[in-house]
**Student:** 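Okay, handing you the structure first.
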Amino acid sequence: MLIHGPHEDAPGSDLIQEGSLVVVYERFDSMKAVKVTPKGQYSNRWGNFAMKEWIGVPYGSRVHARAPDSGWAYLLAPTPELWTAVLRHRTQILYVADISMVVAMLELRPGCTVLESGTGSGSLTTSLARAVAPTGHVYTFEFHEQRAQLAREDFAANGLSDVITVQHRNIEESGFPSDLHGKADGLFLDLPGPWKAVESAAACLRPDGVFCSFSPCIEQVHRTCGSLARSGFHCLRTMEVLLRSYEVTSSGLKAVEESVLGDDLPSGEPADVGGDPDSKRAKREDGAAPEEAHTAASAAPTLPSQAQVLARPVASGRGHTGYLTFARLAVTVPGPQPQAVLVVPAPAEGGAEQDTA
Amino acid sequence: MAAPEAPGVGPPAQDESIIREGSRIILDVNGDRHVFVVVKGRNKVKLGQAFCSIQPLIGCPYGSTFGVAPDGKTLQQIPPAVAADWLEEAALEVTKNNSQLIDAGDANQQLTSERIADLRSQGVHGSAIVEALAAHSATFDAKTEFSQAKYRKKKAKKYVITAVARRATAAAIAEAYFLRQPARIGHLRLDALALLLSLAGLSAHARPLVLDACGGLVLGAAAERLAGFGTVTGVYMGGAPPSREALAQFDAGRVQSGVRHASLASLLRRRPFNACIVAAPGLDPGAALRALLPLLAPSTPFAVYSPWMQPLAEAMHALRAEHAAVGLALQESWWREQQVLPSRTHPKMQMNHGGGFVLSGTTVAPPTRSAGATLA
């Protein structure tokens with residue numbers, strides 16, 4: 001099971017069983033989802049693993065490859081976040097920053113009904129299911145028939161069939177099925193032409209229900225916002241969310257006094273940077289600081305530098321995934337309209353010119 | 001549709017869609033100010049210059065839009081504010097420039113403040129005042145079309161109030177606090193909060209352990225995700241739990257009753273937890289994790305928030321050295337909003353640069369325990 005459920009109250013549910021889905025963790029960038037079978041074999045570059053030895057061990061355990069290999073791996077309980085990292089990409093998928101924002105801004109909670117199109121590889125769908133389970137439901141629509149079928153199989157294998165219904169349907173052409181009209185608390189579109197589905201979205205959402213569209217291009221956002229404004233939505237917001245990852249290392253930085261003293265050292269050797277083997281290795285690669293000099297430097301009256309933890313941004317990362325556009329289905333006033341009908345210009349700041357007024 | 005049994009489909013419980021006496025709501029005023037409102041008795045809410053009774057809110061559905069009636073003091077449900085810019089089919093074209101515009105400050109406006117006050121006392125609606133201001137502005141006609149739209153919007157902010165009644169959800173409470181009193185919630189921005197909830201795997205039937213010194217916002221948001229399917233354990237270090245003021249803003253009784261407060265010592269013999277969030281900017285995150293990790297089952301996802309990077313970097317370094325967790329990641333959240341309007345789409349001029357940092361990972365069993373069992 002990919003999400004928490006009452007089954008976890010049963011004794012032994014924290015142990016891996018025959019048929020369990022586990023995420024084999026080798027490294028942060030090397031993980032794989034595996035179904036445990038008594039005769040199963042798992043092989044990677046570290047060795048061969050017999051799955052029968054995994055049965056009965058707690059999730060989170062380290063398991064070892066069979067002799068003569070000495071490799072090991074961790075067996076993790078699957079989560080939607082891990083699933084996003086290991087799933088087979090049939091399409092471009094949504095990642096945790098966008099997914100988190102979508103679930104939070106759609107204000108999903110258990111019991112909600114949420115609509116999605118397209119299903120794609122099911123990355124977001126799985127997180128939507130976790131948010132609305134056990135009493136809510138995700139209706140997800142995919143226009144590519146084979147992808148719909150594969151997603152359905154994935155959800156079934158991950159124990160999510162009770163929460164997710166997948167249907168092969170072109171939402172841009174046909175809209176959402178009419179039996180979902182007025183039923184949705186939240187709705188998510190990741191389509192090439194989301195504006196084509198806005199009217200149908202308005203029909204499906206309950207009053208004050210939240211709409212979200214994910215689009216890589218600003219032109220898509222533009223057309224969608226126009227449709228939203230003309231289809232009874234208000235509180236439009238468009239945003240980008242990204243995560244910047246940091247690389248954490250430990251190293252010693254030279255104190256200023258030390259550098260100054262270093263100038264007086266015989267043959268101009270730089271002072272030892274201390275504890276961290278990585279920085280020493282780096283120096284040798286630079287062709288400096290042979291072992292003898294090391295001793296000489298230690299004998300010099302330098303200030304000891306202590307290893308400290310350093311963090312810097314990982315150099316390459318995503319600069320853009322897509323724009324998230326949110327809107328709420330407006331609640332109309334019952335009965336006779338009040339006299340003052342307001343038309344408030346939409347928030348406009350900045351602009352293409354400098355306003356001197 | 002294919003699904004014969006659709007457990008989630010059905011009208012919401014009557015009391016969930018309507019504002020009632022005793023409800024806690026958030027009024028989203030002109031899209032940029034959020035006011036916590038307790039809909040009770042003779043309470044009043046300040047909108048612009050007016051102090052209005054909250055009584056007209058009762059019985060209206062969540063999401064309703066309110067304005068101030070021409071009498072200047074009564075809250076009145078009005079049609080939703082429609083983004084007028086999108087209603088004109090043709091996009092605005094720039095046919096003017098501002099080369100002739102002279103900044104003369106107040107002298108450009110011939111409508112005096114006395115006259116405006118006079119109009120208001122006669123019950124003239126704010127939108128009419130905005131038009132009057134435009135008509136009496138010496139510079140309005142010379143402005144570019146974009147600038148005219150901006151002028152109207154700026155004046156409307158002052159003279160036309162539209163307030164949307166929002167349900168007090170975690171998202172609404174987080175944004176309301178962050179805009180007004182970010183220090184009360186440890187500067188925890190909505191995107192970072194959303195990330196914590198995802199990365200720690202908060203959902204129905206989870207057994208979460210939450211260390212919250214962000215006003216109880218994280219506890220409330222966690223309980224919202226559980227919705228009564230299980231309890232959120234709010235652990236505190238030291239004698240008494242810290243402030244829980246943000247938790248008190250959640251409307252659903254189920255949210256508040258879904259949280260149990262416990263001292264660290266009282267949890268030592270409990271069944272292990274399987275989800276964990278630490279959001280206590282004032283505590284050393286490494287020390288907090290050392291105290292909490294023994295309470296977590298192996299393979300538990302955890303997420304730690306801090307407005308500062310360095311303490312998290314050090315905690316990450318220590319966890320890595322102790323082999324206590326895998327999948328460690330230190331990330332900073334970045335969030336930028338866009339203005340999307342016909343011919344005027346661009347990133348917003350103002351953005352908040354303090355998204356905060358999140359350290360996340362998954363606990364693992366100590367190597368010795370499982371190795372013996374599997375190497376038979």
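Residue numbers start from 1 in every chain, and the chains themselves are labelled A, B, ... in the order their sequence lines are given, proteins ahead of strands.
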**Student:** With a 4.0 Å cut-off on N to O distance, would you call A:R328 and B:D28 a salt bridge?
**Tutor:** no

**Student:** Identify which of A:E81, A:H7, A:R27 forms the greatest number of heavy-atom pairs closer than 4.5 Å to chain B.
**Tutor:** A:E81

**Student:** Indicate yes or no: does A:E240 engage B:R336 in a salt bridge with an N to O separation below 4.0 Å.
**Tutor:**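 Yes, A:E240 and B:R336 are salt-bridged.
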
**Student:** List in chain and number order the residues that pass side-chain hydrogen bond (donor to acceptor under 3.5 Å, both in side chains) with B:S360, two or more places apart in sequence or in another chain; answer none if no residue qualifies.
**Tutor:** none

**Student:** Give a yes or no answer on whether the side chain of A:R230 reaches the backbone of B:W86 with a donor-acceptor pair at less than 3.5 Å.
**Tutor:**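 Checked: pair present.
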
**Student:** Please classify the contact between B:S64 and chain A as side chain, backbone, both or neither, with a heavy-atom cut-off of under 4.5 Å.
**Tutor:** both

**Student:** Less than 4.5 Å to any heavy atom of chain A: does that hold for the side chain of B:D32, its backbone, both, or neither?
**Tutor:**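 Answer is neither: B:D32 stays 4.5 Å or more from chain A.
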
**Student:** Side chain, backbone, both or neither: which part of B:T345 has a non-hydrogen atom closer than 4.5 Å to chain A?
**Tutor:** side chain

**Student:** Quick one: what part of B:A313 sits under 4.5 Å from any heavy atom of chain A, side chain, backbone, both or neither?
**Tutor:** both

**Student:** With distance as the sole test, does B:R320 use its side chain to make a donor-acceptor pair with the main-chain N or O of A:V248 at under 3.5 Å?
**Tutor:** yes

**Student:** Do the side chains of B:T65 and A:V331 get nearer than 4.5 Å, heavy atoms only?
**Tutor:**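 A:V331 vs B:T65: side chains apart.
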
**Student:** Which region of B:A204, side chain (C-beta onward) or backbone (N, CA, C, O), has a non-hydrogen atom less than 4.5 Å from a non-hydrogen atom of chain A, or is it both or neither?
**Tutor:**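 Its backbone and side chain both get close to chain A.
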
**Student:** Check the pair A:Y246, B:E332 against side chain to side chain contact (heavy atoms under 4.5 Å, CB included), reporting the backbone distance first and the verdict last.
**Tutor:** CA-CA 8 Å; A:Y246 285 84; B:E332 179 183 13; 2.6 Å; yes

**Student:** With a 4.5 angstrom heavy-atom cut-off, which part of B:F357 approaches chain A: side chain, backbone, both or neither?
**Tutor:** side chain

**Student:** Less than 4.5 Å to any heavy atom of chain A: does that hold for the side chain of B:A329, its backbone, both, or neither?
**Tutor:**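 Neither part.
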
**Student:** Quick check on B:V164 against chain A: is it the side chain, the backbone, both or neither that has a heavy atom closer than 4.5 Å?
**Tutor:**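 Contact with chain A: side chain only.
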
**Student:** Taking A:E107 first and then B:R167, would you say they form a salt bridge - that is, a charged N and a carboxylate O separated by under 4.0 Å?
**Tutor:**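 Salt bridge: no.
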
**Student:** When heavy-atom pairs shorter than 4.5 Å are enumerated against chain B, which of A:D14, A:V114, A:L242 gives the highest number?
**Tutor:** A:L242

**Student:** Picking from A:K52, A:H234, A:E247, A:M31, which has the most non-hydrogen pairs under 4.5 angstrom with chain B?
**Tutor:**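 It is A:H234.
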
**Student:** Flag the pair B:R271 and A:E8 as a salt bridge only when some basic side-chain nitrogen lies within less than 4.0 angstrom of an acidic carboxylate oxygen.
**Tutor:**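 No, this pair does not count.
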
**Student:** What part of B:L312 gets closer than 4.5 Å to chain A, counting heavy atoms only: side chain, backbone, both or neither?
**Tutor:** neither

